[in-house]
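Here you go, one structure.
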Number of protein chains: 2
Amino acid sequence: MVVLVSPGLDEARLELGKALEARMMVTMVANCTVSYSGRTGSDIGEGERLIVLKGDGCVLVHRGRDYQPVNWQPSGCVFQTRIEGGRLLVKAVRPSPLETLTIEMDRIEFLSTFNLKDEAEFILHSSEEEMQKAILAEPDLIEQGLRVIDFEKKVAPGFVDVYGVDSQGNTVVIEIKKDPAGAAAVKQLVEYLKYLSPAEGKKVRPIIVAPSLAKGVLPTMEKMKIEFKPLTLQKSLETLQKRMKSDQKALKGWLGDAPSEKS
Amino acid sequence: MVVLVSPGLDEARLELGKALEARMMVTMVANCTVSYSGRTGSDIGEGERLIVLKGDGCVLVHRGRDYQPVNWQPSGCVFQTRIEGGRLLVKAVRPSPLETLTIEMDRIEFLSTFNLKDEAEFILHSSEEEMQKAILAEPDLIEQGLRVIDFEKKVAPGFVDVYGVDSQGNTVVIEIKKDPAGAAAVKQLVEYLKYLSPAEGKKVRPIIVAPSLAKGVLPTMEKMKIEFKPLTLQKSLETLQKRMKSDQKALKGWLGDAPSEKS
DNA sequence: CGTGCCAGGTGCCTT
DNA sequence: AAGGCACTTGGCACG
């Protein structure tokens, strides 16, 4: 770990080079201009910003406010540093698509380099997937007697979240949204319908599963005979929990009856 | 500006509190766990991370790699710090939607606080806009004799990028894409067509303007009689440059002929 | 405030 | 590479 307060440009460039070589993380605070050129282009004039360069070749330039960086570069960039006209230039070039981020610093308040030890696994309790899992495990969440035939089923314009048959033999097509379902969700489902046909003498029942409906979509849904079944992430998680517990119990019972061998 | 290397928890908390109070930016490197709960939830175990808290109430937790933060909170959070069980807890609560980010640090490598002076304006050279500007300035880029009537014209499902009349009096509807135009662009244009009618005895000519076409869209375009006019960002920028130069020349000439007064 | 739409979206997956 | 789509998407404009 290195910490420099108000380093000279040469000193900063040296430390920066060493750190990037060693694939360490670098954070700097400097007065700088930033320009980007690639898929589009951008420019920002003089100002003090936090600059982060990571060992995997990505860059973040943050201003004093806002969640998002004002400029950035994704992983996999090649770095290049140079001193020119009393300024420290840092270029981060991404090969494909070709785009270039250039940072020109004229006064460096601060520079530090780190080697972060971090082996932990990140666990996201993702929402739409949990809802889908819950429906697959417990189709009764949607309605009694529903049988799931397939999920992520490919149709021409995309993938049907859940595909099944109801107790009357009608085809059921489910589109899941974790957020209040808006016009986009309806449109998506309508698209799928064009490519799905029911069994002889049966219907196709499109169903949107979401915590709630956005305001303007009810008319369209009625016109297209799309049903709505409310389901929250919360409820889905509870269902999965219960499932897991009963599965464990079943497993335990099984093991009690016929202890498994060590493999 | 404050820079602390390996501060104690109490010292860190004090400095943190002062900085947040003063709406300064804080960067820390610490061994920590992070948990998030709100729209969904997440957890990550012990590891060293870069933590950034900004004066507008947003948080970033960055690992040693990846462009994206592993955890975060958008602007507008309320911060809360506490020492508990030999750990420094930082909570960032966002009121609406209610979500909570909790960072528990047990060893702080480093903490610094800054007040970034940055008044610069960020300028994005958005490409689609540049392409549109170029077409408005020089309709001949599309074809000889095109006259532009309107742009960002409102029709029921959205906005027509450019709307005009060709040399034969046919209505021209242009959809601009900065990337290779795919099925989405075609669909969008088809939507607009439903709400546009040509002049008496004339046609409506839908045109997609983009650097190129995606693979599968040609059949649809032929079926819907949609034309394609290739135009790159590059070419658009050149056109605008030329325009600007000739405008400047015209301005200079004007000034030469009739010098302006000082205002 | 909710809803819709754009972004240098990003990331992940499949063909 | 291209297409499809979710994301703690974030962000802005607008009714």
Side-chain angles (χ1 to χ4, degrees), chain A residues 34-43 58-59 61 66-75 94 96-101 122-132 152 154-161 175-188 191-192 212-217 233, chain B residues 34-43 58-61 66-77 92 94-101 122-130 152 154 157-159 161 177-185 188 212-217 233:
Chain A
V34 188
S35 70
Y36 158 77
S37 163
R39 283 168 289 176
T40 77
S42 80
D43 283 287
C58 69
V59 189
V61 181
D66 300 332
Y67 153 73
Q68 286 197 315
V70 64
N71 278 111
W72 70 92
Q73 203 66 290
S75 309
R94 185 189 188 190
S96 170
L98 180 61
E99 35 187 6
T100 309
L101 184 70
F122 176 71
I123 297 164
L124 175 65
H125 316 303
S126 111
S127 30
E128 191 172 311
E129 195 182 322
E130 305 289 325
M131 289 171 76
Q132 190 185 49
E152 299 303 330
K154 177 95 186 88
V155 294
F159 296 84
V160 170
D161 285 340
E175 175 65 31
I176 305 171
K177 290 290 166 211
K178 78 180 179 61
D179 293 315
V186 177
K187 233 156 113 180
Q188 199 175 338
E191 274 309 304
Y192 296 160
S212 66
L213 282 180
K215 231 198 224 141
V217 299
L233 174 58
Chain B
V34 189
S35 71
Y36 159 76
S37 164
R39 284 169 289 179
T40 80
S42 80
D43 283 288
C58 69
V59 189
L60 307 165
V61 181
D66 299 332
Y67 152 70
Q68 284 199 314
V70 64
N71 279 113
W72 71 92
Q73 201 69 288
S75 309
C77 289
R94 187 189 187 191
S96 173
L98 179 61
E99 37 187 4
T100 308
L101 184 70
F122 177 72
I123 297 163
L124 177 65
H125 315 302
S126 130
S127 31
E128 192 173 311
E129 193 183 324
E130 303 292 322
E152 300 302 329
K154 177 95 186 89
F159 295 85
D161 286 339
K177 287 292 164 209
K178 75 183 171 63
D179 296 314
Q188 200 174 339
S212 67
L213 282 181
K215 230 196 222 146
V217 299
L233 174 59

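Below, chain A is the first sequence line, B the second, and so on; all start at residue 1.
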Check: Side chain of Q68(A): nearest nucleotide among dG10(D), dT9(D), dC5(D)?
Finding: dG10(D)
Note to self: From CD of Q73(B) over to P of dT8(D), roughly how many Å is that when rounded to an integer?
What the structure shows: 13 Å
Notebook entry, point to check: K177(A) has an atom NZ; how far is it from atom C1' of dG2(C), in whole Å?
Noted result: 18 Å
Note to self: Under 5.5 Å centre to centre and under 30° between planes: does that hold for Y36(B) and the six-membered base ring of dT8(D)?
What the structure shows: yes
Check: Reckon E99(B) touches a base, only the sugar-phosphate, or nothing at all at heavy-atom distances under 4.0 Å?
Finding: base
Next item on the list: Would you mind classifying the nucleic acid contact of P97(B) as base, sugar-phosphate or nothing, using non-hydrogen atoms under 4.0 angstrom?
Entry: nothing
Next item on the list: Would you classify S96(A) as touching base, sugar-phosphate or nothing, given that sugar-phosphate means primed atoms plus P, OP1 and OP2, and contacts are heavy atoms under 4.0 Å?
Entry: sugar-phosphate
Item checked: Rounded distance in Å - CD (E128(A)) to P (dC13(C)) -> 15 Å
Notebook entry, point to check: Where the side chain of T40(A) is defined as all heavy atoms beyond and including C-beta, which of dC7(D), dG8(C), dA6(D) is the nearest nucleotide?
Noted result: dG8(C)
Note to self: Counting the atoms with a prime plus P, OP1 and OP2 as sugar-phosphate, which does K187(A) contact under 4.0 Å by heavy atoms, base, sugar-phosphate, or nothing?
What the structure shows: nothing
Check: Ring-on-base stacking between W72(B) and dT8(D), under 5.5 Å between centres and under 30° between planes: is it there?
Finding: yes
Notebook entry, point to check: For Y192(A) and dG4(D), is the shortest distance between a side-chain N/O and OP1 or OP2 below 4.0 Å?
Noted result: no
Next item on the list: Take atom CD of E130(A) and atom P of dA6(D), then tell me their distance rounded to the nearest Å.
Entry: 15 Å
Notebook entry, point to check: Which nucleotide, dG8(C), dG10(D), dG4(D), lies nearest any side-chain atom of F159(A)?
Noted result: dG4(D)
Check: Under the 3.5 angstrom rule, does the side chain of E99(A) hit a backbone N or O of Y36(A) as a donor-acceptor pair?
Finding: no
Note to self: For Y67(A) and V217(B), find the nucleotide of DNA chain D closest to each by heavy atoms; which residue's nucleotide sits nearer the 5' end?
What the structure shows: V217(B)
Note to self: Nearest heavy atom decides the nucleotide; on that basis, is A214(A) or S75(A) closer to the 5' end of DNA chain C?
What the structure shows: A214(A)
Next item on the list: Please check if the side chain of Q73(A) supplies one atom and the backbone of V59(A) the other of a donor-acceptor pair under 3.5 Å.
Entry: no
Check: Taking atom P in both dG4(C) and dG8(C), what distance in whole Å separates the two?
Finding: 22 Å
Notebook entry, point to check: If each of F122(A) and K154(A) is mapped to the nucleotide of DNA chain D with the nearest heavy atom, which maps nearer the 5' terminus, i.e. the 5' end?
Noted result: K154(A)
Next item on the list: Would you give the length of the straight line joining atom CD of E175(A) to atom CD of E191(A), rounded to the nearest 0.5 angstrom?
Entry: 12.0 Å
Next item on the list: Pick base, sugar-phosphate or nothing for G38(B), based on heavy-atom distances below 4.0 Å to the nucleic acid.
Entry: nothing
Checklist line | Inter-nucleotide C1' distance (dG11(D), dC7(D)), Å rounded | finding: 14 Å
Note to self: Does dA6(D) have OP1 or OP2 under 4.0 Å away from a side-chain N or O of S126(A)?
What the structure shows: no
Checklist line | Given dG10(D), dG8(C), dC7(D), the nucleotide with the shortest approach to the side chain of K178(A) | finding: dC7(D)
Note to self: In this structure, how many angstroms lie between the C1' atom of dG2(C) and the CG atom of L213(A), rounded?
What the structure shows: 14 Å
Next item on the list: Could you please name the option among dT8(D), dT10(C), dC5(D) that lies closest to any side-chain atom of N71(B)?
Entry: dT8(D)
Checklist line | Separation of dA1(D) P from L98(A) CG (nearest whole Å) | finding: 13 Å
Next item on the list: Would you confirm whether Y67(B), through its side chain, and W72(A), through its main-chain N or O, come within 3.5 Å as a donor-acceptor pair?
Entry: no
Note to self: Rounded to whole Å, please give me the gap between CZ in R39(B) and P in dG2(C).
What the structure shows: 13 Å
Notebook entry, point to check: Quantified in whole Å, what is the C1' atom distance between nucleotide dA7(C) and nucleotide dA6(D)?
Noted result: 16 Å
Margin query: Between P on dC7(D) and CD on Q132(A), what's the gap in Å once rounded to a whole number?
Written below: 11 Å
Next item on the list: Give the nucleotide from the list dC7(D), dG8(C), dT3(C) with an atom nearest to the side chain of K215(A).
Entry: dT3(C)
Next item on the list: Give a yes or no on this: more than 12 heavy atoms of other residues, nucleotides or ligands lie within 6.0 Å of atom CD of E129(A).
Entry: no
Next item on the list: Look at atom NZ of K154(A) and say whether more than 12 heavy atoms of other residues, nucleotides or ligands are closer to it than 6.0 Å.
Entry: yes
Next item on the list: Give one of base, sugar-phosphate or nothing for A183(A), where a contact means two heavy atoms less than 4.0 Å apart.
Entry: sugar-phosphate
Notebook entry, point to check: Is E152(A) touching bases, backbone alone, or none of the nucleic acid, heavy atoms closer than 4.0 Å?
Noted result: nothing
Notebook entry, point to check: Looking only at N and O atoms, is any donor in the side chain of D66(A) or the base of dG10(D) less than 3.5 Å from an acceptor on the other one?
Noted result: no
Item checked: Side chain proximity check, V34(A) to V70(A), heavy atoms < 4.5 angstrom -> no
Margin query: Just to be sure I understand the rule, does E129(A) reach a base, reach only the sugar-phosphate, or reach nothing, if contact means heavy atoms closer than 4.0 Å?
Written below: nothing
